[in-house]
Amino acid sequence: MVLPQLSPNLKGKLTQTFSLFNLVKSCTQAGHTAMDSVESAKKAAAYRAVDNHIKDAYRVGIGSGSTVVYAVERLAQRVHKEGLKVLCVPTSFQARQLIINHDLELSDLEITPQLDVAIDGADEADGKLTLIKGGGGCQLQEKIVAAAAKLFVVVADYRKDSSVLGEQWTKGIPIEVIPMAYRTVQLKIEMELGGKAVLRQAKAKAGPVVTDNGNFIVDWMFERAYDWQKVNQQIKMIPGVVETGLFVGMAKIAYFGMEDGSVKEREV
């Protein structure tokens, strides 16, 4: 069969189409490569933390978020391979499901009120390991569990490592509030500290995000550096505030997975 010759106009259109296809393909591959790099970084940090800080008979606080998924994965590997006996206390419904799905022994703070170590992620960590947490809305339970542990260990990828808060994370500091008080809390924060306090809205349903504790989250978009210990206390004194996503002086060591596959450690 003889194929008809293509007109110059049609050839030009086909060339443009193939060029666009190759561009989209290239961008997609680049996106996958970047995502693979981030996931590899998370995994490296989480594995290092579990290997360095969890021993037999330990009582372990399990944080929330994507990096902790790898920490639980590694913990389950060690439990099943080495026969470690550990009790796991979750910081959220997600963490509880991770523990159950990996056949780890589940406990809670009523039964196990003192922990040897808590491992959790962070939205951002500064040079002193002051953290912003709560991007996933679990900051209250995360802070309670972290405070119950002798050692609080942070695991994150390189995107969360900053010299000062706000350098990388631009979504503000999460503040959990009683629903009836969210508007007064917003106004009080803006009047006393400046910036903008925004009620976090849900993406899969109409209305605000509701935490595991039945509360709302206000994200405070701050405009400058602060004395974070002082600001944390100031916000907590506002009636209606349950807890903030500022973790000041709590984390002792952090592991940041890097793009090249290495793990950066920071200890305070």
Side-chain angles (χ1 to χ4, degrees), residues 61 63-65 68 91-95 109 118 120-149 152-154 156 159-203 207-252 254 266 268:
S64 307
V68 176
T91 60
S92 66
F93 178 81
Q94 177 219 13
L109 288 179
D120 206 345
D123 298 311
E124 188 173 41
D126 71 7
K128 298 178 180 179
L129 292 188
T130 298
L131 313 176
I132 294 177
K133 290 177 54 56
C138 306
Q139 68 270 17
L140 172 59
Q141 293 186 38
E142 289 173 339
K143 190 173 282 190
I144 292 170
V145 170
F152 176 33
V153 179
V154 174
R159 302 172 303 167
K160 312 301 176 64
D161 182 17
S162 297
S163 55
V164 295
L165 295 185
E167 187 175 272
Q168 306 270 13
W169 181 255
T170 59
K171 298 180 181 179
I173 295 170
I175 301 163
E176 186 160 344
V177 301
I178 299 295
M180 68 166 289
Y182 86 89
R183 188 67 184 124
T184 59
V185 170
Q186 282 181 301
L187 293 174
K188 192 77 169 175
I189 290 173
E190 291 174 355
M191 286 188 296
E192 292 186 0
L193 297 169
K196 188 72 175 173
V198 180
L199 181 65
R200 188 183 298 182
Q201 297 294 322
K203 294 182 178 180
V209 168
V210 178
T211 70
D212 284 2
N213 314 299
N215 297 317
F216 291 169
I217 294 176
V218 170
D219 291 304
W220 173 45
M221 314 296 176
F222 57 95
E223 297 175 334
R224 59 181 177 84
Y226 289 85
D227 177 336
W228 294 116
Q229 179 71 49
K230 181 178 178 181
V231 165
N232 185 52
Q233 292 300 322
Q234 187 175 351
I235 294 174
K236 289 177 69 172
M237 290 301 294
I238 299 173
V241 169
V242 179
E243 189 52 86
T244 80
L246 278 168
F247 284 52
V248 186
M250 299 186 71
K252 300 305 180 185
R266 181 182 301 152
V268 294

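Bear in mind the structure is a predicted one, so any value in this text is a computation, not a measurement. What you see below is based on every heavy atom in this structure, not just the backbone, and it leaves out hydrogens, waters and symmetry mates.
Residues satisfying the salt bridge (Lys or Arg N to Asp or Glu O under 4.0 Å) criterion with Lys160, sequence neighbours excluded, are absent altogether. A search for side chain to side chain donor-acceptor pair (under 3.5 Å) contacts involving Ser163 returns Glu167, not counting sequence neighbours. Taking the salt bridge (Lys or Arg N to Asp or Glu O under 4.0 Å) definition, one finds that Lys236 meets it with Glu243, sequence neighbours left out. Thr91 pairs by the side chain to side chain donor-acceptor pair (under 3.5 Å) definition with Ser64, not counting sequence neighbours. In this structure, the side chain to side chain contact (heavy atoms under 4.5 Å, CB included) partners of Leu109, at least two apart in sequence or on a different chain, are Val89, Leu115, Ile144, Val145, Ala148. Every residue meeting the side chain to side chain donor-acceptor pair (under 3.5 Å) condition with Gln141, not counting sequence neighbours, appears here in chain and number order: Asn213. Listed by chain and number, the residues in a side chain to side chain donor-acceptor pair (under 3.5 Å) with Gln168 amount to none (sequence neighbours excluded). With sequence neighbours left out, Trp169 forms a ring-ring contact (aromatic ring centres under 6.0 Å, His included) with no residue at all.
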(request) Please assess Val177 against Asn215 for the test side-chain contact (heavy atoms from CB on, under 4.5 Å), listing each intermediate value before the final yes or no. (result) CA-CA 6 Å; Val177 301; Asn215 297 317; over 6 Å; no

(request) Start with the C-alpha gap between Ile175 and Ile235, add the side-chain angles, then the distance that decides, and say whether side-chain contact (heavy atoms from CB on, under 4.5 Å) holds. (result) CA-CA 9 Å; Ile175 301 163; Ile235 294 174; 3.9 Å; yes

(message) Run Phe222 and Ile132 through side-chain contact (heavy atoms from CB on, under 4.5 Å) and show every step you take.
(response) CA-CA 12 Å; Phe222 57 95; Ile132 294 177; 4.1 Å; yes

(request) Decide yes or no on side-chain contact (heavy atoms from CB on, under 4.5 Å) for Leu246 and Tyr226, but give the supporting numbers first. (result) CA-CA 12 Å; Leu246 278 168; Tyr226 289 85; over 6 Å; no

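The minimum heavy-atom distance between Val68 and Gly121, with the atom names listed, is CG2-N, 3.7 Å. Closest non-hydrogen pair, Ala251 versus Val268, comes out as O-CG2, 3.3 Å. For the residue pair Ala146 and Met250, the shortest heavy atom distance occurs at CB-CE, 3.9 Å. Heavy atoms only, all atoms of each residue included: Pro174 and Gly172 are closest at CD-O, 3.5 Å. Shortest non-hydrogen contact noted between Thr244 and Gln139 is O-CG, 3.9 Å. Of all non-hydrogen atoms in Pro179 and Gly214, the two that sit nearest each other are CG-O, 3.6 Å.
Side-chain contact between Val210 and Phe216 is present, with heavy atoms from C-beta onward closer than 4.5 Å.
Sorted by first then second residue, the side chain to side chain donor-acceptor pair (under 3.5 Å) pairs that include residues 120-133, not counting sequence neighbours, are Asp120-Lys133, Glu124-Ser162, Lys133-Glu142. Sorted by first and then second residue, the pairs that involve residues 212-231 and meet salt bridge (Lys or Arg N to Asp or Glu O under 4.0 Å), not counting sequence neighbours, are Arg200-Asp219.
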Name the atoms and distances for all side-chain donor-acceptor pairs under 3.5 Å in residues 188-199, with sequence neighbours left out.
residue : atom : partner : partner atom : Å
Glu190  : OE2  : Ala197  : N            : 2.9
Glu192  : OE1  : Gln234  : NE2          : 3.1

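Test Val164, Leu131, Val248 against Trp228 for side chain to side chain contact (heavy atoms under 4.5 Å, CB included) and you get one pass: Val248.
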